[in-house]
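First the structure, in the form of structure tokens, and then the observations on it.
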Amino acid sequence: MSNQNRRIAFLQEMGLGPVWSQRAAMLQTLEPEVASLSEVVEPVAVSATATAPLRVAEPSASAWGDDDLVSTPAAVPVAPTALVQPATNIGSMNWDQLKAVVSNCTECGLCKGRTQTVFGVGDQKARWLFVGEGPGRNEDFQGEPFVGPAGKLLDNMFVAMGLKRGENTYIANTVKCRPTDENKRDRAPVAAESDACMPYLQRQIELINPSVIVALGKTAALSLLKLDPATPVARLRGTVHRYTDIPVVVTYHPAYLLRAPKEKSKAWADLCLAMQTYADKANG
Ligand code: URA
Ligand code: SF4
């Protein structure tokens, strides 16, 4: 399939045709590759969503409460403190050292349930960093982030943005080991697990030094932005945040979008904001 046809297929899947054409003006400021997106859709009437693509969703418990979690976070106790001394020099490690430390890490209880750690994948010099929640069953099995159904949607989102897994993109997770509940189902990590794993993500970000970070869902957004878990995360959409000095755009987790396809237009608005942020940074 040609790139254009893949984009059209993605538009159809996302149900975004009408929205896309209305964003031509904005997209023209982006790279030619991205700008060409606007040419592949027929102009049609503008919907309410399309005219206000970057408007923040109404904060409500249900708007995000169930938004991005692979399963309901269980009150899973975090394992007793690690038996191994924490690596104190993470901040000066190179990629190989960091990978080695992560693959042997026992800093939180998630180490017990993993088949393997899922470090991250992509271009170590990527300008785009996407941060998810944590490995699920497929990822734990394959050792790569976002290889299940949510990953397929993420790959399609990349195509829509003129991006590709492994080229100028890096995909990481908040936690590197798969969180499961007592029934061995995927769950979101609890705060203590995210906190324990954060130094690794922090070092990955330092080594990559991306232009833009896209936080995929609540877990990533809360960890990166160091927010109180009570923060209504729906409010975080539509605004460019900062992780140190790197812009962070928050959007829905692809797993949530699979369950709530109507939200895909909002996710597209978020990605447009991310692309605009990227272009602004490149231009000046
Ligand atoms: N969901 C995530 O947040 N990360 C993955 O790697 C896969 C699914
Ligand atoms: Fe270590 Fe992170 Fe795995 Fe916890 S989730 S054991 S901190 S690598």
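When a ligand or atom number is given, it counts from 1 through the structure's own listing order.
Residue contacts with ligand 1, taken as heavy atom pairs separated by less than 4.0 Å, involve P145 via backbone and side-chain atoms alike. Contacts with ligand 1 closer than 4.0 Å are made by side-chain heavy atoms of E139 only, the backbone lying farther away.
When each of Y278, Y170, F158 is checked for a ring-ring contact (aromatic ring centres under 6.0 Å, His included) with W128, only Y278 meets the rule.
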Report task. Take E144 and R165 through the test salt bridge (charged side-chain N to carboxylate O under 4.0 Å, His left out) and record every step on the way to the result. Result -> CA-CA 12 Å; E144 183 171 330; R165 184 182 288 241; 2.9 Å; yes

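V248 and A215 get closest at one heavy-atom pair: CG1-CB, 4.2 Å.
Residues E107 and K176 have side chains not in contact (no heavy-atom distance under 4.5 Å, counting atoms from C-beta outward). Taking 4.5 Å as the limit, every side-chain heavy atom of M157 sits out of range of all side-chain heavy atoms of L163. Side-chain contact between T169 and D123: absent, with no pair of heavy atoms (C-beta onward) separated by less than 4.5 Å.
In terms of polar-atom proximity, G132 is not counted as a contact of ligand 1, lacking any N or O under 3.5 Å from an N or O of the ligand.
Formation of a donor-acceptor pair under 3.5 Å by the D140 side chain with backbone atoms of P135 is not found in this model.
Inside a sphere of radius 2.8 Å centred on atom 4 (Fe) of ligand 2, the protein N/O/S atoms present are C108 SG.
Around CZ of R127, the count of heavy atoms belonging to other residues, nucleotides or ligands within 6.0 Å exceeds 12.
With G134, G136, A172 as candidates, the residue nearest to atom 5 (C) of ligand 1 on a non-hydrogen basis is G134.
The ligand atoms of ligand 1 that sit less than 4.0 angstrom from a heavy atom of H253 are 1 (N), 2 (C), 3 (O). Of all atoms in ligand 1, numbered sequentially from 1 with element shown, those under 4.0 Å from a heavy atom of E133 are 2 (C), 3 (O).
Taking the six-membered ring for Trp and the full ring otherwise, the centers of F146 and F130 sit at least 6.0 Å from each other.
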